[in-house]
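Notes follow the structure.
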4 protein chains.
Amino acid sequence: MAAPKTAVSDAKQERVRRRRRQVLQAATRLMQVSGFHSMSMQAVADEAKMSVGLIYQYFGNKEDVLRAVIVDILEDFRDEVPAALDAAGADPVKRLSNGFRVFCQVVDAKRAATVLTYRESKTLTPEGLEQIKHLELETTEPIRQAVRDGVEAGVFADVDAELVVHNLLMCAHGWALKHWHLSEYLTLEQYIERELAMLLASIRPAG
Amino acid sequence: MAAPKTAVSDAKQERVRRRRRQVLQAATRLMQVSGFHSMSMQAVADEAKMSVGLIYQYFGNKEDVLRAVIVDILEDFRDEVPAALDAAGADPVKRLSNGFRVFCQVVDAKRAATVLTYRESKTLTPEGLEQIKHLELETTEPIRQAVRDGVEAGVFADVDAELVVHNLLMCAHGWALKHWHLSEYLTLEQYIERELAMLLASIRPAG
Amino acid sequence: MAAPKTAVSDAKQERVRRRRRQVLQAATRLMQVSGFHSMSMQAVADEAKMSVGLIYQYFGNKEDVLRAVIVDILEDFRDEVPAALDAAGADPVKRLSNGFRVFCQVVDAKRAATVLTYRESKTLTPEGLEQIKHLELETTEPIRQAVRDGVEAGVFADVDAELVVHNLLMCAHGWALKHWHLSEYLTLEQYIERELAMLLASIRPAG
Amino acid sequence: MAAPKTAVSDAKQERVRRRRRQVLQAATRLMQVSGFHSMSMQAVADEAKMSVGLIYQYFGNKEDVLRAVIVDILEDFRDEVPAALDAAGADPVKRLSNGFRVFCQVVDAKRAATVLTYRESKTLTPEGLEQIKHLELETTEPIRQAVRDGVEAGVFADVDAELVVHNLLMCAHGWALKHWHLSEYLTLEQYIERELAMLLASIRPAG
DNA sequence: AATGAATGAGACTTCATTCAT
DNA sequence: CATGAATGAAGTCTCATTCAT
């Protein structure tokens with residue numbers, strides 16, 4: 001009796017996952033274009049090729065969809081950035097460089113989504129806000145650790161790791177937030193190279 | 001006969017200015033709390049202690065209010081930041097330092113407003129967007145020039161002035177955008193000092 | 001003491017008349033274009049080159065303006081049509097013909113105004129309605145009398161004068177009401193000639 | 001699988017038809033009383049016993065409702081008048097007489113609606129206006145043909161069919177437009193008889 | 001599980017009317 | 001006498017959410 005129940009349960013969970021993904025992708029597409037408030041639930045349903053009623057079986061309300069969209073985006077960051085660090089070996093400089101490089105690349109791939117998180121975060125409930133703050137910290141934690149390691153090892157000056165990571169984050173996000181300006185004279189690769197040079201210069205041990 | 005006419009005209013212009021200011025202040029207060037879309041025109045009217053109809057005598061529509069609010073904020077920046085540089089003498093390092101310091105101080109004084117510009121800019125029409133992009137460039141132009149001067153004088157490395165200013169801007173804005181995190185362990189002064197140290201380190205001429 | 005008072009009174013009455021006329025002309029122009037409800041009092045004020053407040057010194061409210069506009073139009077008809085008959089001599093056929101001809105010409109000259117009376121009459125209060133009904137009867141009364149005279153004299157068949165005048169009225173108004181169609185293939189003169197021929201044929205004594 | 005699909009589709013189409021009819025009847029009732037502009041969408045919803053929102057599922061906007069109301073009225077005319085001619089045999093006099101008689105009867109049955117079309121047509125967009133002009137021509141076309149036939153057969157004088165139909169139309173509409181006056185001394189039947197007599201007299205062959 | 005018709009609150013905006021100057 | 005700034009009620013339309021099928 002347990003087996004079929006679980007099988008059914010699995011199938012159900014799989015459908016739930018699929019449906020939620022459909023909705024999130026549709027909502028993300030729409031919000032990137034015109035923001036949360038201009039997106040109607042009917043439009044989400046159309047884009048997701050399902051009925052409005054069905055969305056409400058998988059999400060409590062419209063704000064719940066927003067929260068899920070933003071969390072979804074930030075989870076992508078959290079999954080991809082640390083993973084890149086694992087592949088970067090032990091050298092703090094390399095880990096930091098790789099972290100920044102990957103971060104910028106992910107931001108570039110999800111530029112509209114990145115801007116979206118800045119645009120709509122304040123619309124969330126306090127709980128939602130807490131969740132996304134936690135996710136951001138999780139995402140950057142491995143880089144933070146790399147900076148601490150580098151400081152300890154003496155390859156970096158005695159800088160505030162928290163602040164270095166903050167700068168690195170703003171710098172990566174900056175590529176999306178100020179893309180209208182930056183893209184006029186820089187490619188992503190140029191941006192990464194030059195910013196990285198300045199970033200490393202800013203924390204190299206005093207000569 | 002010209003005199004009274006002018007007097008009347010002056011009184012009228014003064015009232016227009018006062019009314020617009022009333023509306024903008026009310027709208028800014030409300031938007032900082034809950035965003036553009038959650039702010040009803042009735043709420044603005046109540047907050048500004050006037051009738052809804054009157055708002056429409058001074059602003060074409062709701063989006064026009066938003067544009068004016070954002071422009072108002074950015075004009076404050078444009079007026080205060082360059083003014084601080086004028087008082088900083090000729091030394092590029094001093095000018096850059098002062099620019100950054102003042103920028104951060106103004107951001108801190110208008111933290112909610114700064115966040116607001118990031119949150120609602122995309123809601124604007126293309127014309128509004130152009131206007132605010134222009135204002136941002138105007139605001140930072142004197143700093144950009146200071147960097148160029150420093151590079152030319154050899155007190156800075158041969159860095160991309162555009163990019164340095166971009167970093168400086170993101171850094172100042174970052175104080176508002178990530179205040180929930182930064183304020184847990186830093187005061188504004190500490191933030192300015194440490195960021196300034198890294199900023200200068202990042203562009204000091206190679207040993 | 002009576003003399004200057006009367007002089008003042010006369011000057012005042014003259015101004016009142018002038019102001020009212022300004023308003024009525026402006027309102028008529030605007031209503032002909034887009035109807036009573038789409039016409040704002042501010043627009044009337046602008047068109048009449050005076051302030052909104054002043055309109056309210058000469059008219060009780062917006063509907064009062066409408067009533068006056070329609071009455072004004074109908075008074076024109078009442079003044080011009082009977083006057084033409086006075087000049088037509090005693091022959092009933094001539095009087096009828098002239099009456100119709102003039103009626104059509106006045107309608108043509110005030111086509112938009114004629115349509116306006118059909119469009120907006122129902123908007124009036126019952127009193128206003130009574131007034132315009134009375135004016136319409138007054139306008140056509142001389143023609144009605146001409147028909148009665150003609151019947152009595154045996155130059156017309158024993159027709160219902162009331163109905164003949166009704167037909168004549170609808171026919172004249174018809175030039176304005178169906179101008180979109182009639183003007184495609186008839187000039188006003190052709191319309192008058194042909195309609196007059198049929199009108200007279202319809203009431204000539206049985207051969 | 002096709003069967004249930006069609007059944008569903010049929011049920012849906014039926015509901016759409018029913019809803020639209022509900023709205024149109026409610027709106028017609030209200031407009032006949034107080035005109036298009038004085039009719040609020042909330043009032044239509046109340047009268048139609050549905051919610052405002054639902055009206056907008058079946059009509060694009062308020063003007064769309066007006067257009068549909070007028071078209072609905074004119075389609076009734078177009079359906080009933082020509083049908084009566086089909087039953088009137090081949091004799092042009094009989095066809096013309098029947099056409100006029102039926103026209104007047106339909107006008108009488110829809111007196112308020114007839115007045116409504118004169119009152120509110122100008123409120124329509126150019127497209128709506130074109131549509132109703134076309135409907136009016138369609139409605140009268142069979143009568144126009146009967147007149148042409150009569151002229152050709154020599155039972156009518158060589159009159160302008162277009163103009164005869166125009167007169168007939170104005171005459172039928174006149175029963176509604178001037179009902180306040182006509183009904184004081186005539187029944188519908190009397191009106192039809194007398195007008196018909198004059199109409200035929202006006203086009204009988206000379207001598 | 002899935003649909004989408006239906007609801008109704010609430011948003012923006014206009015405009016007739018008043019009244020202090 | 002004349003102005004036009006100010007009011008606020010009322011209108012149109014949208015859209016999140018529910019629920020019968």
Side-chain angles (χ1 to χ4, degrees), chain A residues 11-12 15-16 19 36-46 49-66, chain B residues 8 11-12 15-16 18-19 36-46 48-65, chain C residues 11-12 15-16 19 36-46 49-66, chain D residues 8 11-12 15-16 18-19 36-46 48-65:
Chain A
K12 176 175 173 171
R15 186 177 49 232
V16 169
R19 290 300 199 191
F36 175 70
H37 287 96
S38 306
M39 173 192 82
S40 73
M41 291 301 268
Q42 184 61 61
V44 179
D46 292 348
K49 292 190 206 308
M50 64 175 75
S51 65
V52 252
L54 198 53
I55 296 179
Y56 281 86
Q57 288 215 334
Y58 298 102
F59 295 89
N61 51 36
K62 194 185 173 190
E63 198 185 81
D64 196 23
V65 175
L66 172 62
Chain B
V8 166
K12 176 173 175 169
R15 190 182 37 241
V16 169
R18 199 179 68 243
R19 290 302 199 190
F36 174 70
H37 287 97
S38 307
M39 171 193 84
S40 73
M41 290 303 270
Q42 184 60 64
V44 178
D46 293 348
K49 291 191 205 311
M50 64 175 74
S51 64
V52 243
L54 197 53
I55 298 178
Y56 283 87
Q57 201 136 74
Y58 297 101
F59 295 90
N61 51 36
K62 195 185 172 188
E63 197 185 83
D64 195 25
V65 174
Chain C
K12 176 174 173 172
R15 187 178 48 233
V16 168
R19 291 299 199 193
F36 174 70
H37 287 95
S38 306
M39 173 193 81
S40 74
M41 292 301 269
Q42 184 60 62
V44 178
D46 293 348
K49 293 190 205 310
M50 63 176 73
S51 66
V52 253
L54 199 50
I55 297 179
Y56 281 86
Q57 289 215 334
Y58 298 102
F59 295 90
N61 52 35
K62 194 185 172 189
E63 198 185 83
D64 196 24
V65 174
L66 172 62
Chain D
V8 166
K12 177 173 175 168
R15 189 181 40 241
V16 169
R18 200 180 66 244
R19 290 304 198 189
F36 175 70
H37 287 97
S38 307
M39 172 193 83
S40 75
M41 290 303 270
Q42 184 60 63
V44 178
D46 292 348
K49 290 189 206 310
M50 64 175 75
S51 63
V52 241
L54 197 53
I55 298 180
Y56 283 88
Q57 201 136 72
Y58 298 102
F59 295 90
N61 50 39
K62 196 186 172 188
E63 199 187 81
D64 196 23
V65 175

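Within every chain, numbering begins at 1; the chains are lettered A, B, ... in the order of the sequence lines, protein sequences first and strands thereafter.
Relative to the side chain of B/Tyr58, the nucleotides E/dA2, E/dA5, F/dA5 differ in distance, and F/dA5 lies closest. Comparing E/dA6, F/dA2, F/dA5 by their nearest atom to the side chain of C/Ser51 picks out F/dA2.
Heavy atoms only, all atoms of each residue included: C/Tyr56 and C/Asn61 are closest at CE2-CA, 4.0 Å. Shortest non-hydrogen contact noted between A/Phe36 and A/Leu66 is CE1-CB, 3.5 Å. Heavy-atom minimum distance, B/Met39 versus B/Lys62: O-NZ, 2.7 Å. Shown here for B/Met41 and B/Val65, the closest heavy-atom pair between the two residues is CE-CG2, 4.2 Å. Scanning all heavy atoms of the two residues, the minimum distance from B/Met50 to B/Ile55 falls at SD-CG1, 4.1 Å. Taking both residues in full, the closest heavy atoms of A/Ala45 and A/Ser51 are given as CB-C, 3.7 Å, listed atom of the first, atom of the second, then distance.
Note: CG (C/Asp46) to P (F/dG4) measures 10 Å, nearest angstrom. Here the P atom of nucleotide F/dT14 and the CG atom of D/Asp64 are 12 Å apart, to the nearest Å. If you measure from atom CZ of B/Arg15 to atom C1' of F/dG4, you get 8 Å, rounded to the nearest angstrom. When rounded to the nearest whole Å, the span between NZ of D/Lys12 and C1' of E/dA6 equals 14 Å. The nearest whole Å value for the distance from the CD atom in D/Gln57 to the C1' atom in E/dT3 is 13 Å.
Of the inter-residue distances, the one linking D/Arg19 atom CZ with D/Leu54 atom CG reads 5.0 Å to the nearest 0.5 angstrom. We find the CZ-OH distance between B/Arg15 and B/Tyr58 to be 5.5 Å, quoted to the nearest 0.5 Å.
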Quiz prompt | Where protein sits on nucleotides 13-21 of chain E, one letter per nucleotide: B base, S sugar-phosphate only, - none, heavy atoms under 4.0 Å | solution = BBBSBB---
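For F/dA2, one of the phosphate oxygens OP1 or OP2 lies less than 4.0 angstrom from a side-chain nitrogen or oxygen of C/Arg19.
Comparing the start and finish of the helix from E/dA2-F/dT21 to E/dT21-F/dA2, five pairs each, the helix axis swings through 0°, to the nearest 10 degrees.
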